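All values derive from a computational prediction rather than experimental measurement.
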Amino acid sequence: MASLALLANLPATAQSADEQAVARAVEALVQAMLEPDRAKLEPLCANALSYGHSAGRIETKEEFIADLLAKTAAFRSIKLSGQTIKLSGNEAIVRHVMDGETESQGKVSPVHIGVLQVWQRQDGHWRLLARQAFRL
């Protein structure tokens, strides 16, 4: 009976090395968003980044990084759940639910959104090429 309980907690399929690398890149991006640092953000983002917010605003790589560094809406916490990663050549499609809190002008707001990310392998590194959030 105990062995069945252990099996129930195992993922249906083991992640490949590339899927693990993408998952690490996603986590590195989360950490860089919580503690914004240009040196950490730059290599995680493709130059052609299209970063879509749940309210419809679209940012370029420079706008995304500048917005985080300005802390106009600073992330206080971020928790991802239900993450899936699907590979297609040098691209990876990542989906998850993002929960957390942001702070803007002293006001704390909850975040509960769905997110679609497209990561691309460039020069041996996974970089965020596109992201679109949507309200749940």
Quick one: pull up CG in Leu44 and CH2 in Trp126 and give me the separation to the nearest 0.5 Å.
13.5 Å
Atom CD1 in Ile85, atom CD in Glu19: separation rounded to 0.5 Å?
6.5 Å
Residues Glu59, Arg57: salt bridge by 4.0 Å N-O rule
yes
For Ser54 and Arg135, indicate whether the former's side chain and the latter's backbone hold a donor-acceptor pair under 3.5 Å.
no
Between the side chains of Glu103 and Lys71, is the shortest nitrogen-to-carboxylate-oxygen separation below 4.0 Å, so that they form an ion pair?
no
Kindly determine whether Arg24 and Val22 satisfy side chain to side chain contact (heavy atoms under 4.5 Å, CB included), including the steps that lead there.
CA-CA 5 Å; Arg24 285 191 301 273; Val22 171; over 6 Å; no
With a 4.5 Å cut-off on side-chain heavy atoms, are Arg76 and Thr102 touching?
no
Indicate whether the side chain of Gln31 and that of Glu35 have a donor and an acceptor atom separated by less than 3.5 Å.
no
Are any non-hydrogen side-chain atoms of Trp119 and Val26 less than 4.5 angstrom apart?
yes
What I'd like to find out is whether the side chain of Thr84 reaches to under 4.5 Å of the side chain of Val94, using heavy atoms alone.
no
Calculate, to the nearest 0.5 Å, the distance between atoms CG and CD1 belonging to Asp99 and Ile78 respectively.
11.0 Å
Do the non-hydrogen side-chain atoms of Pro43 and Arg127 ever get within less than 4.5 Å of each other?
yes
Which pairs pass side-chain hydrogen bond (donor to acceptor under 3.5 Å, both in side chains) with one or both residues in residues 87-96, sequence neighbours excluded?
Gln83-His96, Asn90-Arg121, Glu91-Gln120
Could you measure the distance from the CG atom of Leu68 to the CD atom of Glu63? Nearest 0.5 Å is fine.
12.0 Å
CD on Glu42 to CD1 on Ile65, rounded to 0.5 Å
4.0 Å
To the closest 0.5 Å, what do you measure between NZ (Lys61) and CG (Asn47)?
4.0 Å
For Asp37, does the CG atom sit with more than 12 other heavy atoms under 6.0 Å from it, leaving out its own atoms?
yes
If hydrophobic clusters are built by linking Ile, Leu, Val, Met, Phe, Trp and Tyr wherever their side-chain heavy atoms come under 4.5 Å apart, do Leu34 and Leu29 end up in the same one?
yes
Indicate if Phe64 and Leu129 have the same hydrophobic cluster label, given that clusters are the connected sets of ILVMFWY residues with side-chain heavy-atom separations under 4.5 angstrom.
no
In the structure I gave you, are the side-chain heavy atoms of Arg131 and Val118 within less than 4.5 Å of one another anywhere?
no
Using a 4.5 Å cut-off on heavy atoms from C-beta on, say whether the side chain of Ile93 contacts that of Leu116.
yes
Has the side chain of Ser104 got a donor or acceptor atom that lies under 3.5 Å from a matching backbone atom of Lys107?
no
Taking Gln132 for the side chain and His53 for the main chain, is one N or O donor matched with an acceptor at less than 3.5 Å?
yes
Would you call Glu101-Lys79 a salt bridge at under 4.0 Å N-O?
no
Closest approach of Ser16 and Leu87, non-hydrogen atoms and distance?
OG-CD1, 3.7 Å
Report whether Leu80 and Tyr51 are members of the same hydrophobic cluster (ILVMFWY, side-chain heavy atoms less than 4.5 Å apart, transitive linking).
yes
Close side-chain approach of Ile113 and Val111, heavy atoms under 4.5 Å:
yes
How about Leu49 and Thr60: do any of their side-chain heavy atoms sit closer than 4.5 Å?
no
Shortest non-hydrogen pair, Ile58 vs Ser50, comes out as CG2-OG, 3.6 Å
